[in-house]
Amino acid sequence: MKSQEIRTKFLDFFKSKQHDIVPSAPMVLKNDPTLMFTNSGMAPFKEFFLGNATPKNNRISDSQKCLRVSGKHNDLEEVGYDTYHHTMFEMLGNWSFGDYFKKEAIAWAWELLTEVYKIDKNILYVTVFEGDEKDGTKMDQEAYDFWKAIIPEDRILMGNKKDNFWEMGEQGPCGPCSEIHVDIRSEEEKAKVDGKSLVNEDHPQVVEIWNLVFMQYNRKADGSLEELPSKHIDTGMGFERLCMVLQNVQSNYDTDVFTPLIREIETITGVTYGKDEKVDVAIRVIADHVRAVSFAIADGQLPSNNGAGYVIRRILRRAIRYGFTFLNKKEAFIYKLVETLSHQMGDAFPEIKKQSTLVHNVIKEEEQSFLRTLDQGLLLLDRVIETTEGKTVSGKKAFELYDTFGFPSDLTELIAREKGFDVDVESFNAELKKQKDRSRAASASETGDWIVLREDDVEEFVGYDTLTSNVKITRYRKVTTKKDGDQYQLVFNLTPFYPEGGGQVGDKGALEASNGDVIYITDTKKENNVIIHFTKHLPKDLNETFKAVVNDEFRRLSASNHSATHLLHQALRAVLGDHVEQKGSLVNHKYLRFDFSHFSKVDKDQLQEIEEFVNARIRENLSLEEKRGIPMEQALEEGAIALFGEKYGDSVRTIRFGKSMELCGGTHVQQTGDIWYFKIKSEGAVAAGIRRIEAITNVAVGDYFEDVERTYNDIKQQLKNPKDIVKSISSLQDENTNLKKQIEQLLKDKAKNLKGDIKNQLKEVNGVQFLATQVDLDPNGIKTLSFELGGEMNNLFLLFATAPSKEKAMLTCYISKDLANDRGYDAGKVVRELGKLIHGGGGGQNFFATAGGKNPGGIPKALEKAVEYL
């Protein structure tokens with residue numbers, strides 16, 4: 001059974017059980033402060049489990065793209081070594097929100113596996129939660145009894161809290177679970193060892209295939225459990241593992257989910273899968289990682305040096321490293337797999353097909369960049385090995401290569417071994433642990449339980465229509481972080497505060513009490529569909545009615561910049577073409593940032609045209625046309641632009657200014673004239689095929705024009721107030737160019753005059769014409785002098801020093817090429833080592849090299865030691 005059919009059968013089965021089939025949510029989570037990525041099938045539905053929103057249907061099913069790089073069995077560095085764990089994977093799931101519970105979930109799981117997929121009942125085992133004394137939970141007798149009615153009791157196994165109690169996080173909904181395991185070993189192996197003894201023992205052919213989670217508790221901050229008012233079902237079945245079972249193979253990588261990628265890797269690299277374990281691991285790593293990286297980019301997450309972008313970069317670099325080391329690929333090639341992936345999965349996940357060009361280009365650029373890093377790292381590692389005393393490379397040095405230059409530690413070990421060296425792995429790990437501890441300490445936080453003051457089913461957002469409203473606090477909790485100290489998070493029955501989302505920052509403002517006390521709201525965010533207001537202090541009387549007041553200036557300027565991003569998006573598509581898509585944005589009260597797909601630099605004339613386009617729309621004073629709560633299909637039919645990688649509900653809000661129409665939840669001006677003026681400050685590349693424009697509007701433009709005028713007047717005054725300032729600057733530039741030429745000629749003449757003096761100072765040392773001296777020349781003059789002397793004389797070894805200023809020093813070493821080649825002298829080594837005396841460094845070729853430093857006082861010592869190289 002092909003993987004496409006396996007996925008379809010699952011969804012069709014639950015459709016027949018009255019489940020709504022929903023598309024996969026983006027793998028990258030943009031508006032969830034608690035998660036970077038969708039790491040389980042239930043993540044997109046957290047708000048339903050928490051009771052913060054109500055689904056249209058209480059029964060839902062889908063195939064969800066997930067990404068895990070840490071946690072149980074999913075350390076990134078382990079992926080590729082076994083045959084059934086992955087970074088990106090599909091999670092087939094069915095959910096019930098307060099509808100059916102254990103009986104139906106267990107019966108349907110068994111029906112699907114044994115009757116629809118025809119899996120042999122005799123190779124299946126199930127686990128049931130055995131209870132936990134510390135939590136005060138008992139054995140899940142209810143689930144046990146339902147299973148006992150279906151399968152023999154000797155196939156029902158007890159599982160502990162680690163394996164059979166699922167939790168969303170340290171706090172929140174949780175409950176016992178039943179796992180279904182499958183034994184796909186040969187009959188001979190089954191006869192030797194009973195399958196039940198291998199369940200949850202990390203055996204590659206006895207694996208968990210489906211987890212049925214029974215959400216019935218809420219975990220509180222103190223660790224205690226309380227019963228949930230509504231019971232939920234959350235199931236997750238690994239699609240890749242299911243394909244392994246149904247396609248009768250022993251590895252996920254032998255299924256048609258991975259074989260097209262593996263065949264393509266074989267074709268590109270010329271290696272064969274299945275002959276060498278190290279090569280096989282590398283191929284599995286690349287096949288797995290290209291999926292994770294490609295879908296992350298398609299969902300809007302570019303590789304970067306922080307946050308979610310760093311995770312994606314790290315995954316891709318691991319794949320490049322394995323190709324570099326074990327497949328001997330020293331040039332970019334992983335990007336070529338995107339076409340195969342797009343063809344293979346584009347029907348189920350259309351985003352990968354639509355974004356394939358972008359994904360292809362971003363991966364290619366990242367590969368080329370990291371391969372350059374590896375080349376640089378190899379040179380640095382050579383230097384480390386050269387200067388290592390004994391045969392063990394310092395773990396601290398290895399960590400520096402890893403941390404500062406991105407050079408992988410295992411590659412350091414591999415190359416060191418090839419050269420007869422070991423690496424002090426223990427001290428490397430100690431340095432790594434220190435870094436992780438620092439990072440953990442910086443991000444550590446303590447979150448208390450919500451203290452409920454009053455029950456309120458719906459927290460209404462009224463901020464589109466008003467900036468003030470009378471509110472009551474419905475619940476609050478205390479949060480402590482190292483960065484911000486103690487803070488409080490407040491939830492109101494209704495709020496005018498816009499929560500951070502869609503690129504727009506959250507509102508700030510105040511909470512005014514009847515006695516005149518003011519509590520300042522420092523930020524507003526949304527978590528699991530709840531709007532949370534941050535403050536450093538709690539009101540004295542939590543139960544009174546407060547006046548919530550949004551900072552008018554902050555909101556007005558943020559709205560101005562947000563509306564300008566919509567007009568900018570329209571302008572980019574009009575000027576550059578319909579291929580332009582928004583890839584990210586930041587909107588605050590100071591400026592706007594807009595990332596978009598485009599495959600070449602936007603030239604000066606195009607930028608001017610874009611700016612003029614936006615300002616023309618501003619002058620037209622177009623009125624805001626807003627529609628709230630309309631069906632998604634209707635919005636798209638009316639021409640609204642939806643952004644890839646965003647999660648939209650069944651009903652949406654549209655924002656229109658003239659011909660610009662987008663799905664958007666942000667705040668906007670009432671008419672475009674309120675923006676006043678739009679000015680582009682910069683345009684540049686973010687990644688391959690992604691450009692970024694930063695711009696300002698409103699008050700910021702006024703400040704900008706004032707700064708420009710001040711600068712203009714200062715320049716004019718410096719130039720003695722000429723009538724034509726441009727002509728005056730051109731004249732100065734011409735004069736400067738002529739003076740530079742004259743100085744260059746004077747320095748050349750000076751070098752020629754020095755040549756005779758230098759020849760007279762040469763001394764013969766071990767058959768070499770040697771001189772180490774300080775000269776008063778610039779770098780070009782020294783180079784000219786060195787090569788002229790080299791052209792006239794043989795067996796030269798010259799070290800010149802110069803000090804252009806009190807804080808700058810430079811060493812230049814010239815060695816006749818024949819001398820360098822025949823006797824092994826190395827100018828690069830000379831300046832690297834002597835450069836330390838001037839607190840600097842450098843390098844070059846064996847016959848000519850330079851080093852710069854910050855300590856001219858070290859020059860005499862460097863000149864004195866130069867003769868030691870002979």
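Start at 1 with the first residue, then count along the sequence.
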Within the supplied structure, the quantity of interest is the number of heavy atoms (other residues, nucleotides, ligands) at a distance under 6.0 Å from [X] [atom1]; does it exceed 12?
{"X": "Glu277", "atom1": "CD", "answer": "yes"}
{"X": "Glu170", "atom1": "CD", "answer": "no"}
{"X": "Glu226", "atom1": "CD", "answer": "yes"}

Distance, nearest 0.5 Å, that separates [atom1] of [X] from [atom2] of [Y]:
{"X": "Leu67", "Y": "Asn39", "atom1": "CG", "atom2": "CG", "result": "8.5 Å"}
{"X": "Cys66", "Y": "Met88", "atom1": "SG", "atom2": "CE", "result": "8.5 Å"}
{"X": "Asn248", "Y": "Cys243", "atom1": "CG", "atom2": "SG", "result": "13.0 Å"}
{"X": "Leu246", "Y": "Glu5", "atom1": "CG", "atom2": "CD", "result": "9.5 Å"}
{"X": "Met215", "Y": "Trp166", "atom1": "CE", "atom2": "CH2", "result": "4.5 Å"}

Would you tell me whether [X] and [Y] have side-chain atoms, one donor and one acceptor, within less than 3.5 Å of each other?
{"X": "Thr87", "Y": "Asp288", "result": "yes"}
{"X": "Asp135", "Y": "Thr137", "result": "no"}
{"X": "His533", "Y": "Tyr476", "result": "no"}
{"X": "Trp95", "Y": "Ser61", "result": "no"}
{"X": "Asn57", "Y": "His19", "result": "no"}
{"X": "Asn164", "Y": "Thr127", "result": "yes"}

Side chain to side chain contact (heavy atoms under 4.5 Å, CB included) evaluation trace for Thr495 with Glu460 | CA-CA 6 Å; Thr495 180; Glu460 186 183 357; over 6 Å; no
What closest approach, in Å, do [X] and [Y] show between heavy atoms, and which atom pair accounts for it?
{"X": "Thr38", "Y": "Pro26", "result": "OG1-O, 3.0 Å"}
{"X": "Cys177", "Y": "Asn211", "result": "CB-OD1, 3.2 Å"}
{"X": "Ile352", "Y": "Gly346", "result": "CG2-CA, 3.8 Å"}
{"X": "Val285", "Y": "Gly80", "result": "CG2-CA, 3.9 Å"}
{"X": "Ser40", "Y": "Gln64", "result": "O-CG, 4.2 Å"}
{"X": "Thr8", "Y": "Gln4", "result": "OG1-O, 2.9 Å"}

I want to check something: taking the side chain as every heavy atom from C-beta on, are [X] and [Y] in contact at a cut-off of under 4.5 Å?
{"X": "Val79", "Y": "Arg318", "value": "yes"}
{"X": "Val213", "Y": "Thr235", "value": "no"}
{"X": "Leu124", "Y": "Ile151", "value": "no"}
{"X": "Lys148", "Y": "Gln141", "value": "no"}
{"X": "Leu242", "Y": "Ile119", "value": "yes"}
{"X": "Asp154", "Y": "Tyr125", "value": "no"}

When you check the gap from the basic side-chain N to the acidic O, do [X] and [Y] get nearer than 4.0 Å?
{"X": "Glu130", "Y": "Lys138", "value": "no"}
{"X": "Asp20", "Y": "Lys15", "value": "no"}
{"X": "Lys482", "Y": "Glu446", "value": "no"}
{"X": "Arg219", "Y": "Glu167", "value": "yes"}
{"X": "Arg185", "Y": "Asp183", "value": "yes"}
{"X": "Glu90", "Y": "Arg241", "value": "no"}
{"X": "Arg477", "Y": "Asp449", "value": "no"}
{"X": "Asp140", "Y": "Lys102", "value": "yes"}

Does the salt bridge (charged side-chain N to carboxylate O under 4.0 Å, His left out) test come out yes or no for Glu111 and Lys17, once each step is laid out?
-> CA-CA 12 Å; Glu111 180 186 350; Lys17 306 295 185 188; 3.3 Å; yes
Apply side chain to side chain contact (heavy atoms under 4.5 Å, CB included) to Tyr217 and Leu228, showing your working.
-> CA-CA 5 Å; Tyr217 298 111; Leu228 286 173; 5.5 Å; no
Test ring pair (Phe, Tyr, Trp, His ring centres under 6.0 Å) applied to Phe239 and Phe89, step by step | CA-CA 7 Å; Phe239 175 66; Phe89 58 97; over 10 Å; no
Give the intermediate values and the outcome of side chain to side chain contact (heavy atoms under 4.5 Å, CB included) for residues Phe129 and Met139.
-> CA-CA 6 Å; Phe129 180 49; Met139 190 266 276; over 6 Å; no
Hey, can you tell me if Phe48 and Phe45 have their rings parallel, tilted or perpendicular (30° and 60° cut-offs)?
->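 Judged by the thresholds at 30° and 60°, the geometry between Phe48 and Phe45 is parallel.
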Output, in order, the C-alpha distance, side-chain angles, deciding distance and verdict of ring pair (Phe, Tyr, Trp, His ring centres under 6.0 Å) for Phe49 and His232.
-> CA-CA 7 Å; Phe49 288 116; His232 312 296; 5.5 Å; yes
Steps toward side chain to side chain contact (heavy atoms under 4.5 Å, CB included) verdict (Leu225, Asn218) | CA-CA 6 Å; Leu225 296 173; Asn218 178 51; over 6 Å; no
Run the ring pair (Phe, Tyr, Trp, His ring centres under 6.0 Å) check on His86 and Tyr253 step by step: do they pass?
-> CA-CA 10 Å; His86 305 288; Tyr253 292 94; 5.1 Å; yes
Would Arg284 count as a cation-pi partner of Phe258, with NZ or CZ less than 6.0 Å from the six-membered ring centre and within 45° of the ring normal?
->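 No, a cation-pi geometry is absent between Arg284 and Phe258.
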Backbone N or O of Val491 within a donor-acceptor pair of the Thr474 side chain at under 3.5 Å?
->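 Yes.
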Please check if the side chain of Glu189 supplies one atom and the backbone of Ser186 the other of a donor-acceptor pair under 3.5 Å.
->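 Looks like yes, one N/O pair under 3.5 Å.
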Asp256: which of Gln344, Gln247, Lys2 passes side-chain hydrogen bond (donor to acceptor under 3.5 Å, both in side chains) =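 For Asp256, the side-chain hydrogen bond (donor to acceptor under 3.5 Å, both in side chains) test succeeds with only one of Gln344, Gln247, Lys2, which is Gln247.
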Side chain to side chain donor-acceptor pair (under 3.5 Å) evaluation trace for Thr83 with Asn252 | CA-CA 6 Å; Thr83 59; Asn252 291 1; over 6 Å; no
Compute the centroid of each ring, for Phe349 and then for Phe295, and state whether the two points are separated by less than 6.0 Å.
->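 Ring centres of Phe295 and Phe349 closer than 6.0 Å.
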Option from Phe146, Phe10, Tyr100, Phe101 for which ring-ring contact (aromatic ring centres under 6.0 Å, His included) with Trp108 holds |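 Considering Phe146, Phe10, Tyr100, Phe101, a ring-ring contact (aromatic ring centres under 6.0 Å, His included) with Trp108 is found only for Tyr100.
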